[in-house]
Visitor: 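A single structure is presented below for examination.
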Amino acid sequence: MKVFNSLTRKPEELKPLEGNVIRMYTCGPTVYNFAHIGNFRAYAFEDVLRRVIQFCGMGVKQVMNLTDVDDKTIRNANQQGKALDNYTRTYKDAFFADLKALNIQSAEVYPAATDHIPEMIALVEKLMEKGVAYKSDDGSVYFNVRKFPGYGALAHIDFDNQRTGARCASDEYDKENVGDFALWKAWEESDGPVGWDSPWGRGRPGWHIECSAMAMKYLGESFDLHTGGIDNLFPHHENEIAQAEAATGAKFVNTWMHCAHLKVNGEKMSKSAGNFFTLRDLIEKGYTGREIRYVLVNAHYRTGLNFAFSALEDARKSLERIDRAVDALIERIDPSEEAPAFVAKALDDFTSAVQDDLNIPKAFAALFDLVRETNASGTKSQAVLDAFRRMDEVLGVIFFGKKEKEDIPEEIANLLKLRAEARAAKNWAESDRLRDEIATAGWLVKDSKEGQTCTKK
Ligand code: AMP
Ligand code: ZN
(Lines give C-alpha, C1' and ligand atoms only; values in the text may rest on other atoms or scores of the structure.)
(Ligands and ions follow the chains in the order given, each with its own letter.)
Protein backbone atom coordinates (compact mmCIF):
# COMPACT_ATOMS: atom_id res chain seq x y z
CA MET A 1 0.00 0.00 0.00
CA LYS A 2 1.17 3.50 -0.81
CA VAL A 3 0.68 6.47 1.49
CA PHE A 4 1.67 10.11 1.33
CA ASN A 5 4.55 10.79 3.73
CA SER A 6 4.40 14.35 5.12
CA LEU A 7 8.13 14.18 5.86
CA THR A 8 9.29 13.50 2.29
CA ARG A 9 6.12 14.96 0.73
CA LYS A 10 5.90 11.94 -1.55
CA PRO A 11 3.75 8.82 -1.84
CA GLU A 12 5.72 5.86 -0.52
CA GLU A 13 5.24 2.14 0.04
CA LEU A 14 4.29 1.47 3.68
CA LYS A 15 6.32 -1.52 4.89
CA PRO A 16 7.12 -2.53 8.46
CA LEU A 17 10.66 -1.82 9.68
CA GLU A 18 10.57 -5.16 11.48
CA GLY A 19 8.54 -8.33 10.95
CA ASN A 20 5.02 -7.93 9.63
CA VAL A 21 3.64 -5.41 12.15
CA ILE A 22 3.26 -1.68 11.56
CA ARG A 23 4.02 0.19 14.76
CA MET A 24 1.89 3.29 14.77
CA TYR A 25 1.47 6.24 17.15
CA THR A 26 -1.55 8.51 16.94
CA CYS A 27 -1.88 11.69 18.98
CA GLY A 28 -4.96 11.22 21.10
CA PRO A 29 -7.41 13.59 22.71
CA THR A 30 -6.74 16.29 25.25
CA VAL A 31 -9.36 15.23 27.75
CA TYR A 32 -10.51 18.65 28.94
CA ASN A 33 -13.89 18.51 27.21
CA PHE A 34 -15.97 16.29 24.91
CA ALA A 35 -14.16 15.68 21.63
CA HIS A 36 -15.84 17.36 18.64
CA ILE A 37 -16.44 15.72 15.28
CA GLY A 38 -13.40 17.55 13.85
CA ASN A 39 -11.29 15.55 16.30
CA PHE A 40 -13.19 12.46 15.23
CA ARG A 41 -12.30 13.14 11.62
CA ALA A 42 -8.69 12.54 12.68
CA TYR A 43 -9.55 9.40 14.69
CA ALA A 44 -11.78 8.03 11.91
CA PHE A 45 -8.96 8.58 9.39
CA GLU A 46 -6.56 6.72 11.69
CA ASP A 47 -9.11 3.94 12.09
CA VAL A 48 -9.42 3.53 8.33
CA LEU A 49 -5.63 3.57 8.10
CA ARG A 50 -5.24 0.73 10.61
CA ARG A 51 -8.01 -1.20 8.89
CA VAL A 52 -6.33 -0.83 5.47
CA ILE A 53 -3.00 -1.98 6.94
CA GLN A 54 -4.75 -5.13 8.18
CA PHE A 55 -6.69 -5.50 4.93
CA CYS A 56 -3.30 -5.60 3.17
CA GLY A 57 -2.19 -8.51 5.37
CA MET A 58 -0.01 -6.70 7.88
CA GLY A 59 -0.47 -6.53 11.64
CA VAL A 60 -0.73 -3.27 13.52
CA LYS A 61 0.28 -2.08 16.96
CA GLN A 62 -1.35 1.27 17.55
CA VAL A 63 -0.64 3.47 20.53
CA MET A 64 -2.99 6.40 21.17
CA ASN A 65 -2.15 8.64 24.10
CA LEU A 66 -4.56 10.48 26.34
CA THR A 67 -3.33 13.99 27.12
CA ASP A 68 -4.61 14.29 30.66
CA VAL A 69 -2.24 17.00 31.83
CA ASP A 70 -1.58 20.18 29.84
CA ASP A 71 -2.39 23.91 29.97
CA LYS A 72 -6.09 23.33 29.24
CA THR A 73 -6.85 20.36 31.53
CA ILE A 74 -5.18 22.12 34.48
CA ARG A 75 -7.00 25.39 33.82
CA ASN A 76 -10.43 23.74 33.66
CA ALA A 77 -9.94 21.34 36.58
CA ASN A 78 -8.80 24.19 38.82
CA GLN A 79 -11.63 26.46 37.69
CA GLN A 80 -14.09 23.78 38.75
CA GLY A 81 -12.22 22.98 41.95
CA LYS A 82 -11.78 19.34 40.98
CA ALA A 83 -8.75 17.07 41.26
CA LEU A 84 -7.15 16.70 37.81
CA ASP A 85 -7.79 12.94 37.52
CA ASN A 86 -11.36 13.33 38.67
CA TYR A 87 -11.92 16.08 36.10
CA THR A 88 -10.39 14.21 33.14
CA ARG A 89 -12.09 10.87 33.98
CA THR A 90 -15.46 12.10 32.65
CA TYR A 91 -13.96 13.00 29.28
CA LYS A 92 -11.88 9.85 29.03
CA ASP A 93 -15.00 7.74 29.54
CA ALA A 94 -16.96 9.84 27.05
CA PHE A 95 -14.17 9.50 24.52
CA PHE A 96 -14.22 5.70 24.63
CA ALA A 97 -18.02 5.64 24.35
CA ASP A 98 -17.81 7.93 21.30
CA LEU A 99 -15.18 5.72 19.64
CA LYS A 100 -17.55 2.81 20.03
CA ALA A 101 -20.47 4.74 18.53
CA LEU A 102 -18.31 5.50 15.50
CA ASN A 103 -17.21 1.87 15.16
CA ILE A 104 -13.57 2.89 15.56
CA GLN A 105 -11.38 -0.11 16.37
CA SER A 106 -9.54 -0.01 19.68
CA ALA A 107 -5.87 0.86 19.67
CA GLU A 108 -3.61 -1.71 21.31
CA VAL A 109 -2.45 0.73 24.02
CA TYR A 110 -3.99 3.94 25.43
CA PRO A 111 -1.32 5.40 27.70
CA ALA A 112 -2.31 8.37 29.85
CA ALA A 113 0.30 11.09 30.28
CA THR A 114 -0.07 11.24 34.07
CA ASP A 115 0.93 7.56 34.31
CA HIS A 116 4.25 8.25 32.56
CA ILE A 117 5.79 11.22 34.37
CA PRO A 118 8.99 9.26 35.34
CA GLU A 119 9.59 8.35 31.67
CA MET A 120 9.17 12.01 30.68
CA ILE A 121 11.56 13.20 33.40
CA ALA A 122 14.12 10.60 32.28
CA LEU A 123 13.88 11.84 28.69
CA VAL A 124 14.35 15.48 29.75
CA GLU A 125 17.37 14.42 31.83
CA LYS A 126 18.88 12.74 28.80
CA LEU A 127 18.39 15.91 26.74
CA MET A 128 20.09 17.92 29.50
CA GLU A 129 23.03 15.48 29.48
CA LYS A 130 23.33 15.81 25.70
CA GLY A 131 23.46 19.60 26.04
CA VAL A 132 20.40 20.32 23.89
CA ALA A 133 18.24 21.42 26.81
CA TYR A 134 18.73 24.09 29.47
CA LYS A 135 17.09 25.27 32.64
CA SER A 136 15.75 28.82 32.61
CA ASP A 137 15.68 31.21 35.58
CA ASP A 138 12.14 30.27 36.57
CA GLY A 139 12.99 26.57 36.89
CA SER A 140 11.48 25.47 33.57
CA VAL A 141 13.50 23.40 31.13
CA TYR A 142 13.65 24.31 27.43
CA PHE A 143 14.80 22.56 24.27
CA ASN A 144 17.38 24.62 22.40
CA VAL A 145 16.23 24.29 18.79
CA ARG A 146 19.53 25.73 17.48
CA LYS A 147 21.36 22.70 18.92
CA PHE A 148 19.38 20.23 16.82
CA PRO A 149 20.41 20.57 13.18
CA GLY A 150 17.43 18.66 11.80
CA TYR A 151 14.91 21.07 13.37
CA GLY A 152 12.26 22.17 10.87
CA ALA A 153 12.58 19.17 8.50
CA LEU A 154 8.98 18.05 8.92
CA ALA A 155 7.37 21.49 8.73
CA HIS A 156 9.86 22.61 6.05
CA ILE A 157 10.77 25.70 8.01
CA ASP A 158 13.14 28.14 6.42
CA PHE A 159 15.07 28.42 9.63
CA ASP A 160 17.40 31.26 8.67
CA ASN A 161 14.47 33.60 8.23
CA GLN A 162 12.97 32.84 11.60
CA ARG A 163 13.32 34.81 14.77
CA THR A 164 15.76 33.08 17.06
CA GLY A 165 16.36 33.03 20.75
CA ALA A 166 12.67 33.45 21.50
CA ARG A 167 11.19 31.10 24.03
CA CYS A 168 7.73 29.68 23.97
CA ALA A 169 6.21 28.61 27.25
CA SER A 170 2.79 27.61 25.95
CA ASP A 171 2.15 24.29 24.23
CA GLU A 172 0.65 25.73 21.08
CA TYR A 173 2.19 28.43 18.87
CA ASP A 174 2.60 29.10 15.18
CA LYS A 175 5.54 28.98 12.78
CA GLU A 176 6.18 32.72 13.12
CA ASN A 177 7.02 32.12 16.76
CA VAL A 178 9.40 29.23 16.29
CA GLY A 179 11.83 29.12 19.17
CA ASP A 180 12.93 27.11 22.17
CA PHE A 181 10.03 25.16 23.59
CA ALA A 182 9.24 23.97 27.09
CA LEU A 183 10.10 20.38 28.05
CA TRP A 184 9.34 20.84 31.73
CA LYS A 185 7.28 23.68 33.13
CA ALA A 186 8.02 25.00 36.61
CA TRP A 187 5.06 25.04 39.00
CA GLU A 188 3.07 28.28 39.04
CA GLU A 189 0.35 29.55 41.33
CA SER A 190 -2.31 28.84 38.69
CA ASP A 191 -1.33 25.14 38.60
CA GLY A 192 -2.81 24.75 42.09
CA PRO A 193 -2.46 21.18 43.35
CA VAL A 194 -1.12 19.83 40.03
CA GLY A 195 2.60 19.12 40.03
CA TRP A 196 5.32 16.50 40.29
CA ASP A 197 8.78 16.66 41.85
CA SER A 198 11.68 16.57 39.42
CA PRO A 199 15.45 17.27 39.41
CA TRP A 200 14.48 20.87 38.42
CA GLY A 201 11.92 21.32 41.16
CA ARG A 202 8.17 20.92 41.22
CA GLY A 203 6.45 21.21 37.86
CA ARG A 204 4.84 19.33 35.01
CA PRO A 205 5.78 18.08 31.56
CA GLY A 206 5.23 20.08 28.37
CA TRP A 207 2.74 18.57 25.92
CA HIS A 208 5.35 17.62 23.30
CA ILE A 209 7.59 15.58 25.61
CA GLU A 210 4.58 13.53 26.67
CA CYS A 211 4.18 12.03 23.20
CA SER A 212 7.91 11.40 22.57
CA ALA A 213 8.25 9.57 25.88
CA MET A 214 5.12 7.44 25.52
CA ALA A 215 5.75 6.66 21.85
CA MET A 216 9.26 5.38 22.55
CA LYS A 217 8.17 3.44 25.63
CA TYR A 218 5.61 1.39 23.72
CA LEU A 219 6.98 1.37 20.16
CA GLY A 220 10.76 1.66 20.53
CA GLU A 221 13.22 4.39 19.55
CA SER A 222 12.42 3.96 15.84
CA PHE A 223 9.04 2.97 14.51
CA ASP A 224 6.97 2.97 11.35
CA LEU A 225 4.16 5.47 11.40
CA HIS A 226 3.00 8.56 13.26
CA THR A 227 -0.25 10.36 12.53
CA GLY A 228 -2.47 13.24 13.56
CA GLY A 229 -4.49 16.13 12.20
CA ILE A 230 -2.57 18.64 10.10
CA ASP A 231 -2.54 21.15 12.98
CA ASN A 232 -0.35 18.69 14.91
CA LEU A 233 2.40 18.88 12.29
CA PHE A 234 3.86 22.07 13.72
CA PRO A 235 4.98 22.56 16.41
CA HIS A 236 3.87 19.32 18.06
CA HIS A 237 5.29 16.72 15.70
CA GLU A 238 8.35 18.79 14.80
CA ASN A 239 9.14 19.00 18.51
CA GLU A 240 8.49 15.29 19.05
CA ILE A 241 11.10 14.50 16.39
CA ALA A 242 13.62 16.92 17.90
CA GLN A 243 13.21 15.51 21.41
CA ALA A 244 13.41 11.86 20.37
CA GLU A 245 16.19 12.12 17.83
CA ALA A 246 18.36 14.42 19.95
CA ALA A 247 18.08 11.88 22.78
CA THR A 248 18.64 8.65 20.83
CA GLY A 249 20.54 9.63 17.68
CA ALA A 250 18.22 7.27 15.78
CA LYS A 251 15.56 8.15 13.22
CA PHE A 252 12.34 8.50 15.25
CA VAL A 253 9.64 7.74 12.66
CA ASN A 254 9.71 6.58 9.05
CA THR A 255 6.35 7.81 7.82
CA TRP A 256 4.24 10.75 8.98
CA MET A 257 0.64 11.10 7.88
CA HIS A 258 -1.72 14.01 8.55
CA CYS A 259 -5.38 14.49 7.77
CA ALA A 260 -6.88 17.77 6.63
CA HIS A 261 -9.35 19.60 8.80
CA LEU A 262 -13.04 19.25 9.13
CA LYS A 263 -14.36 22.74 8.51
CA VAL A 264 -17.51 24.72 9.06
CA ASN A 265 -18.20 27.43 6.49
CA GLY A 266 -14.59 27.15 5.36
CA GLU A 267 -13.12 27.55 8.85
CA LYS A 268 -11.45 24.83 10.95
CA MET A 269 -13.91 23.27 13.40
CA SER A 270 -12.46 24.00 16.83
CA LYS A 271 -13.37 24.57 20.43
CA SER A 272 -11.83 28.02 20.41
CA ALA A 273 -13.81 29.18 17.33
CA GLY A 274 -17.00 27.87 18.96
CA ASN A 275 -18.14 26.38 15.62
CA PHE A 276 -18.15 22.78 16.72
CA PHE A 277 -20.52 19.86 17.17
CA THR A 278 -19.78 17.01 19.50
CA LEU A 279 -20.87 13.52 18.56
CA ARG A 280 -23.50 13.79 21.29
CA ASP A 281 -24.93 16.98 19.71
CA LEU A 282 -25.51 15.12 16.45
CA ILE A 283 -26.88 11.97 18.08
CA GLU A 284 -29.36 14.14 19.98
CA LYS A 285 -30.47 15.57 16.66
CA GLY A 286 -31.33 12.02 15.55
CA TYR A 287 -28.27 11.07 13.51
CA THR A 288 -26.53 7.76 14.14
CA GLY A 289 -22.87 7.00 14.75
CA ARG A 290 -22.86 5.05 11.50
CA GLU A 291 -24.14 8.02 9.48
CA ILE A 292 -21.56 10.33 11.06
CA ARG A 293 -18.80 7.79 10.40
CA TYR A 294 -19.92 7.56 6.78
CA VAL A 295 -19.57 11.32 6.32
CA LEU A 296 -16.19 11.47 8.07
CA VAL A 297 -14.54 8.66 6.14
CA ASN A 298 -16.09 9.27 2.73
CA ALA A 299 -13.78 12.13 1.77
CA HIS A 300 -10.12 11.85 0.95
CA TYR A 301 -8.21 12.37 4.19
CA ARG A 302 -5.90 14.98 2.70
CA THR A 303 -8.67 17.23 1.40
CA GLY A 304 -10.63 19.65 3.54
CA LEU A 305 -14.13 18.48 4.38
CA ASN A 306 -16.86 21.01 4.98
CA PHE A 307 -19.39 19.82 7.51
CA ALA A 308 -23.04 20.07 6.42
CA PHE A 309 -26.24 18.46 7.67
CA SER A 310 -27.16 17.68 4.06
CA ALA A 311 -24.16 15.29 3.99
CA LEU A 312 -25.67 13.38 6.92
CA GLU A 313 -29.00 13.16 5.09
CA ASP A 314 -27.21 11.85 1.98
CA ALA A 315 -25.33 9.35 4.14
CA ARG A 316 -28.63 8.04 5.50
CA LYS A 317 -29.93 7.45 1.97
CA SER A 318 -26.72 5.80 0.79
CA LEU A 319 -26.64 3.51 3.80
CA GLU A 320 -30.28 2.55 3.24
CA ARG A 321 -29.37 1.55 -0.31
CA ILE A 322 -26.52 -0.62 0.91
CA ASP A 323 -28.67 -2.15 3.66
CA ARG A 324 -31.46 -3.01 1.23
CA ALA A 325 -29.08 -4.74 -1.18
CA VAL A 326 -27.27 -6.65 1.58
CA ASP A 327 -30.47 -7.63 3.42
CA ALA A 328 -32.08 -8.91 0.24
CA LEU A 329 -28.94 -10.85 -0.65
CA ILE A 330 -28.82 -12.47 2.81
CA GLU A 331 -32.45 -13.53 2.39
CA ARG A 332 -31.88 -15.29 -0.93
CA ILE A 333 -28.37 -16.77 -0.45
CA ASP A 334 -27.93 -20.13 -2.10
CA PRO A 335 -24.60 -21.81 -1.20
CA SER A 336 -24.57 -23.71 -4.48
CA GLU A 337 -24.58 -20.55 -6.59
CA GLU A 338 -21.25 -19.67 -8.25
CA ALA A 339 -19.51 -16.34 -7.91
CA PRO A 340 -20.53 -13.91 -10.65
CA ALA A 341 -17.77 -12.18 -12.64
CA PHE A 342 -18.52 -8.72 -11.24
CA VAL A 343 -17.35 -9.67 -7.72
CA ALA A 344 -13.68 -9.95 -8.62
CA LYS A 345 -13.80 -6.67 -10.53
CA ALA A 346 -15.43 -4.78 -7.65
CA LEU A 347 -12.95 -6.21 -5.14
CA ASP A 348 -9.99 -5.37 -7.39
CA ASP A 349 -11.18 -1.79 -7.82
CA PHE A 350 -11.77 -1.51 -4.09
CA THR A 351 -8.32 -2.89 -3.24
CA SER A 352 -6.46 -0.61 -5.66
CA ALA A 353 -8.36 2.38 -4.30
CA VAL A 354 -7.53 1.76 -0.64
CA GLN A 355 -3.91 0.92 -1.47
CA ASP A 356 -3.57 4.23 -3.32
CA ASP A 357 -3.09 6.55 -0.33
CA LEU A 358 -6.45 5.52 1.16
CA ASN A 359 -8.69 6.67 -1.66
CA ILE A 360 -11.89 5.94 0.24
CA PRO A 361 -14.26 7.87 -2.07
CA LYS A 362 -13.07 5.60 -4.90
CA ALA A 363 -13.44 2.57 -2.65
CA PHE A 364 -17.06 3.58 -1.97
CA ALA A 365 -17.60 3.83 -5.73
CA ALA A 366 -16.47 0.18 -6.02
CA LEU A 367 -18.88 -0.73 -3.21
CA PHE A 368 -21.76 0.98 -5.01
CA ASP A 369 -20.84 -0.84 -8.25
CA LEU A 370 -21.23 -4.03 -6.25
CA VAL A 371 -24.59 -2.85 -4.85
CA ARG A 372 -25.84 -2.05 -8.34
CA GLU A 373 -24.70 -5.35 -9.87
CA THR A 374 -26.09 -7.30 -6.92
CA ASN A 375 -29.52 -5.74 -7.35
CA ALA A 376 -29.53 -5.95 -11.15
CA SER A 377 -28.41 -9.59 -11.33
CA GLY A 378 -30.44 -10.87 -8.37
CA THR A 379 -27.40 -13.01 -7.54
CA LYS A 380 -27.65 -15.53 -4.69
CA SER A 381 -23.93 -16.04 -4.41
CA GLN A 382 -22.20 -16.27 -1.03
CA ALA A 383 -19.07 -14.82 -2.72
CA VAL A 384 -20.93 -11.54 -3.19
CA LEU A 385 -21.83 -11.37 0.49
CA ASP A 386 -18.21 -12.21 1.34
CA ALA A 387 -17.10 -9.30 -0.86
CA PHE A 388 -19.37 -6.92 1.06
CA ARG A 389 -17.88 -8.21 4.29
CA ARG A 390 -14.35 -7.85 2.95
CA MET A 391 -14.98 -4.22 1.95
CA ASP A 392 -16.56 -3.52 5.31
CA GLU A 393 -13.36 -4.63 7.07
CA VAL A 394 -12.09 -1.22 5.91
CA LEU A 395 -15.25 0.91 5.80
CA GLY A 396 -16.97 -0.31 8.96
CA VAL A 397 -20.41 1.00 7.99
CA ILE A 398 -22.42 -1.98 6.79
CA PHE A 399 -24.97 -3.64 9.05
CA PHE A 400 -25.10 -7.36 8.49
CA GLY A 401 -28.14 -8.96 10.13
CA LYS A 402 -26.25 -10.48 13.04
CA LYS A 403 -24.29 -7.43 14.02
CA GLU A 404 -27.50 -5.47 14.31
CA LYS A 405 -29.03 -7.90 16.75
CA GLU A 406 -26.14 -7.34 19.12
CA ASP A 407 -26.75 -3.58 19.04
CA ILE A 408 -30.43 -3.80 19.96
CA PRO A 409 -31.11 -2.23 23.37
CA GLU A 410 -32.52 -4.41 26.11
CA GLU A 411 -36.00 -2.85 26.18
CA ILE A 412 -36.41 -3.42 22.43
CA ALA A 413 -35.10 -6.98 22.78
CA ASN A 414 -37.75 -7.61 25.44
CA LEU A 415 -40.51 -6.30 23.16
CA LEU A 416 -39.21 -8.50 20.34
CA LYS A 417 -39.34 -11.51 22.63
CA LEU A 418 -42.96 -10.74 23.57
CA ARG A 419 -43.79 -10.30 19.90
CA ALA A 420 -42.21 -13.64 18.98
CA GLU A 421 -44.35 -15.27 21.70
CA ALA A 422 -47.49 -13.51 20.44
CA ARG A 423 -46.79 -14.71 16.90
CA ALA A 424 -46.15 -18.25 18.09
CA ALA A 425 -49.57 -18.10 19.78
CA LYS A 426 -51.01 -16.66 16.51
CA ASN A 427 -52.08 -13.55 18.40
CA TRP A 428 -51.75 -11.23 15.39
CA ALA A 429 -53.39 -8.22 17.03
CA GLU A 430 -50.83 -8.29 19.85
CA SER A 431 -48.04 -8.87 17.35
CA ASP A 432 -49.11 -5.75 15.41
CA ARG A 433 -49.48 -3.72 18.57
CA LEU A 434 -45.94 -4.66 19.62
CA ARG A 435 -44.61 -3.85 16.16
CA ASP A 436 -46.09 -0.36 16.51
CA GLU A 437 -44.66 0.06 19.99
CA ILE A 438 -41.22 -0.97 18.69
CA ALA A 439 -41.64 1.45 15.77
CA THR A 440 -42.47 4.30 18.12
CA ALA A 441 -39.18 3.58 19.90
CA GLY A 442 -37.38 3.99 16.55
CA TRP A 443 -36.96 0.38 15.38
CA LEU A 444 -38.36 -1.44 12.37
CA VAL A 445 -39.35 -5.11 12.57
CA LYS A 446 -39.45 -7.35 9.54
CA ASP A 447 -40.67 -10.95 9.45
CA SER A 448 -38.96 -13.61 7.41
CA LYS A 449 -38.65 -17.38 7.34
CA GLU A 450 -35.89 -17.18 9.95
CA GLY A 451 -38.02 -15.06 12.29
CA GLN A 452 -37.98 -11.37 13.08
CA THR A 453 -35.20 -8.99 12.08
CA CYS A 454 -35.02 -5.59 13.62
CA THR A 455 -33.28 -2.53 12.23
CA LYS A 456 -32.93 1.01 13.44
CA LYS A 457 -35.24 3.34 11.50
P1 AMP B 1 -6.58 17.85 20.42
O2 AMP B 1 -7.50 17.20 21.40
O3 AMP B 1 -6.86 19.31 20.17
O4 AMP B 1 -5.12 17.60 20.75
O5 AMP B 1 -6.84 17.17 19.00
C6 AMP B 1 -6.92 15.79 18.83
C7 AMP B 1 -6.78 15.42 17.37
O8 AMP B 1 -7.81 16.02 16.56
C9 AMP B 1 -5.48 15.88 16.74
O10 AMP B 1 -5.00 14.85 15.88
C11 AMP B 1 -5.86 17.11 15.95
O12 AMP B 1 -5.00 17.35 14.90
C13 AMP B 1 -7.24 16.70 15.45
N14 AMP B 1 -8.14 17.80 15.08
C15 AMP B 1 -8.49 18.88 15.82
N16 AMP B 1 -9.39 19.67 15.16
C17 AMP B 1 -9.60 19.06 13.96
C18 AMP B 1 -10.44 19.36 12.82
N19 AMP B 1 -11.24 20.42 12.78
N20 AMP B 1 -10.40 18.51 11.76
C21 AMP B 1 -9.61 17.40 11.80
N22 AMP B 1 -8.81 17.06 12.84
C23 AMP B 1 -8.80 17.88 13.91
ZN1 ZN C 1 1.07 13.93 20.34
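From a predicted model like this one, the values you see are computed outputs, not experimental measurements. Each ligand, and each atom within it, is numbered from 1 in the order the structure gives.
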Visitor: Is the distance between the ring centroids of Phe252 and Phe223 under 6.0 Å?
Guide: yes
Visitor: Should the pair Lys92-Asp68 be classified as a salt bridge under the 4.0 Å nitrogen-to-oxygen rule?
Guide: yes
Visitor: What orientation do Trp256 and His226 show, parallel under 30°, tilted 30 to 60°, or perpendicular over 60°?
Guide: parallel
Visitor: Should the pair Phe143 and Phe181 be assigned to parallel (<30°), tilted (30 to 60°) or perpendicular (>60°) ring geometry?
Guide: parallel
Visitor: Heavy-atom count check: over 12 atoms from other residues, nucleotides or ligands less than 6.0 Å from Asn86 CG?
Guide: yes
Visitor: Which word best sums up how the rings of His236 and Trp207 line up, parallel for under 30°, tilted for 30 to 60°, or perpendicular for over 60°?
Guide: parallel
Visitor: What does the list of residues with a heavy atom under 4.0 Å from ligand 1 look like, ordered by chain and number?
Guide: Gly28, Pro29, Thr30, His36, Gly38, Asn39, Ala42, Tyr43, Gly228, Gly229, Asp231, Asn232, Ala260, His261, Leu262, Lys268, Met269
Visitor: Hey, are Glu393 and Arg390 close enough for a salt bridge, meaning a charged N less than 4.0 Å from a carboxylate O?
Guide: yes
Visitor: Ignoring waters, how many protein N/O/S atoms are under 2.8 Å from the Zn ion (ligand 2)?
Guide: 3
Visitor: For the ring pair Phe307 and Phe277, is the centre-to-centre distance below 6.0 Å?
Guide: yes
Visitor: Between the main-chain N or O of Glu119 and the side-chain N or O of His116, is there a donor-acceptor pair closer than 3.5 Å?
Guide: no
